[in-house]
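One structure below.
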Amino acid sequence: MLDKLTAIEAKYSQIQARLAAPETYGDPDLVAKLNKEQTQLQPLVETFRTYQRTLASRDQAQELLADPEMKELAQEEYQQALDDLPRLERELQILLLPRDPNDDKNVIVEVRAGVGGEEAALFAHSLYRMYSMYAESKGWRTEVDSVSETELGGIKEISFTIEGDGAWSRLKFESGVHRVQRVPETESGGRIHTSTATVAVLPEMEAVDVRLNPADIEMQVFRSSGAGGQHVNKTSSAVRLIHRPTGTVVECQQERSQFQNRDKAMRILASRLYEAEQEKISSEYTDQRRSQVGSGMRNERIRTYNFPQGRVTDHRIGLTLYKIDSVMNGELDEIIDALAADDQAQRLKESV
């Protein structure tokens with residue numbers, strides 16, 4: 001591990017030298033590329049340097065233990081180093097784990113009402129609001145791609161894009177069945193109902209990231225059916241793409257122009273086809289990785305939101321929080337941090 005870390009530190013120093021070189025300034029693309037590489041390596045290199053300083057501190061303190069005048073101070077520094085080294089070694093092991101190549105990508109989130117009729121649609125709206133508020137807290141941008149609403153303000157299904165650094169790295173654990181237990185607004189007898197909604201989170205892919213043959217794609221245009229004033233009624237700007245080989249259908253109608261809707265629909269289609277291919281590949285390992293947090297299978301019940309008890313439970317890791325109002329208002333970091341830590345622990349176990 002030390003040889004690998006030393007090589008990475010040398011690479012990091014080379015990147016810093018190239019960024020400082022005058023000839024690099026004239027190539028904006030190269031500067032952006034080097035800055036990105038530097039940012040990705042920085043946490044690992046800084047932790048490694050702290051680890052090296054701690055090793056040196058331990059060795060120096062050990063030498064001073066023989067000096068009667070310095071023994072007490074040296075003993076304290078020696079013990080501190082011994083306490084810090086295992087923690088730093090674990091941090092380095094985690095930072096050395098293969099990085100998800102999609103971690104920096106934007107995400108496409110698809111929420112669909114499941115079992116429970118109108119209450120399920122209202123819950124789907126609550127989930128959309130929750131993710132939108134989480135994105136806002138991160139300084140990310142949310143844009144609706146398509147939506148089908150109910151008369152009572154619920155959502156049958158919605159597709160929206162969240163744009164921001166690290167969006168996939170944080171939201172990739174959200175795919176699955178979300179269950180709600182609460183008294184619906186339409187329930188006069190005060191009975192608790194159980195409803196569900198499904199969430200699919202996809203890394204936003206460009207068409208070039210996935211092999212798309214234009215001959216396999218049928219495009220249909222139609223008039224938008226949402227808010228938008230006279231523009232909605234006058235132009236056929238909404239776009240529907242049909243991928244013939246798989247039967248995948250994508251619609252986008254929120255943009256003003258047909259070109260914009262087609263461009264967005266192509267990215268959504270590429271993301272769905274990418275996800276389907278990834279699920280096909282990962283299915284070979286399903287039995288071995290049944291407990292993996294990031295499996296993203298849509299038919300798995302991953303979380304329950306129990307309003308009468310004020311409780312949110314993530315079933316994959318057995319985490320229960322009694323702060324449902326905060327969670328529904330987008331405060332998801334405590335849950336996501338725990339899921340990410342569990343995913344790291346699983347991958348560490350497999351890497352041994």
Side-chain angles (χ1 to χ4, degrees), residues 36 39-40 43 94-95 97-112 124 127-128 130-143 145 158-178 197-206 209-210 267-286 288-303 312-319 327 330-351:
K36 184 176 181 179
T39 300
Q40 291 175 352
I94 291 173
L95 289 167
L97 287 172
R99 189 172 181 275
D100 187 334
N102 295 321
D103 272 352
D104 292 330
K105 288 187 181 293
N106 302 328
V107 297
I108 295 167
V109 184
E110 298 175 344
V111 181
R112 292 181 175 84
L127 290 177
Y128 164 64
M130 178 182 77
Y131 291 126
S132 297
M133 294 183 74
Y134 179 69
E136 184 179 359
S137 73
K138 296 293 183 184
W140 300 338
R141 179 171 172 265
T142 301
E143 182 178 350
D145 303 316
I158 185 171
S159 173
F160 56 99
T161 302
I162 296 179
E163 300 176 356
D165 291 339
W168 170 255
S169 71
R170 300 298 290 169
L171 292 171
K172 61 185 174 182
F173 304 111
E174 292 300 301
S175 291
V177 176
H178 294 241
T198 60
V199 175
V201 183
L202 323 174
E204 186 185 43
M205 312 299 287
E206 298 292 341
D209 296 326
V210 179
R267 293 202 298 273
I268 297 173
L269 177 61
S271 298
R272 286 193 187 172
L273 294 178
Y274 174 84
E275 181 209 28
E277 182 62 26
Q278 292 302 304
E279 287 190 0
K280 180 180 176 183
I281 294 171
S282 64
S283 66
E284 301 173 10
Y285 307 99
T286 299
Q288 300 173 11
R289 304 192 64 176
R290 184 70 64 180
S291 64
Q292 181 188 356
V293 168
S295 63
M297 298 300 290
R298 295 192 202 181
N299 61 346
E300 296 175 353
R301 186 191 70 191
I302 64 167
R303 194 174 299 149
V312 178
T313 299
D314 196 289
H315 303 291
R316 295 164 294 181
I317 54 176
L319 174 68
V327 170
E331 296 182 20
L332 295 173
D333 275 334
E334 190 170 352
I335 296 175
I336 291 174
D337 286 344
L339 290 165
D342 189 75
D343 178 58
Q344 290 173 344
Q346 293 290 337
R347 292 194 291 143
L348 270 176
K349 189 185 300 182
E350 292 177 2
S351 67

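Given the structure is predicted, the values throughout are model-derived calculations rather than measurements.
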Side chains of [X] and [Y] in contact at under 4.5 Å (non-hydrogen atoms):
X: V109; Y: Y128; result: no
X: I302; Y: V177; result: no
X: E136; Y: T142; result: no
X: I336; Y: E174; result: yes
X: K172; Y: D103; result: yes
X: D104; Y: R99; result: yes
X: W140; Y: L171; result: yes

Hey, are [X] and [Y] close enough for a salt bridge, meaning a charged N less than 4.0 Å from a carboxylate O?
X: D333; Y: K138; result: yes
X: D314; Y: R301; result: no
X: K36; Y: D165; result: no

Candidate list T313, L319, I317, test side-chain contact (heavy atoms from CB on, under 4.5 Å), partner I335, passing option: L319

Calculate, to the nearest 0.5 Å, the distance between atoms [atom1] and [atom2] belonging to [X] and [Y] respectively.
X: K105; Y: E204; atom1: NZ; atom2: CD; result: 8.5 Å
X: I268; Y: L202; atom1: CD1; atom2: CG; result: 9.0 Å
X: Q346; Y: L348; atom1: CD; atom2: CG; result: 10.0 Å

Heavy atoms only: give me the nearest [X]-[Y] pair and the separation to one decimal.
X: Y274; Y: P203; answer: CE2-CG, 3.8 Å
X: L97; Y: Q344; answer: CD1-O, 3.9 Å
X: R112; Y: A124; answer: C-CB, 4.4 Å
X: G166; Y: S169; answer: O-OG, 2.6 Å
X: A135; Y: I162; answer: CB-CG2, 3.9 Å
X: Q40; Y: P43; answer: O-CD, 3.6 Å

Heavy-atom neighbours of E334 CD exceed 12 at 6.0 Å: no

Heavy-atom neighbours of E163 CD exceed 12 at 6.0 Å: yes

Option among D100, N106, N102 that satisfies the side chain to side chain donor-acceptor pair (under 3.5 Å) test with W168: D100

Any donor-acceptor pair under 3.5 Å from R316 side chain to D342 backbone: no

N/O donor-acceptor pair under 3.5 Å between S271 side chain and M205 backbone: yes

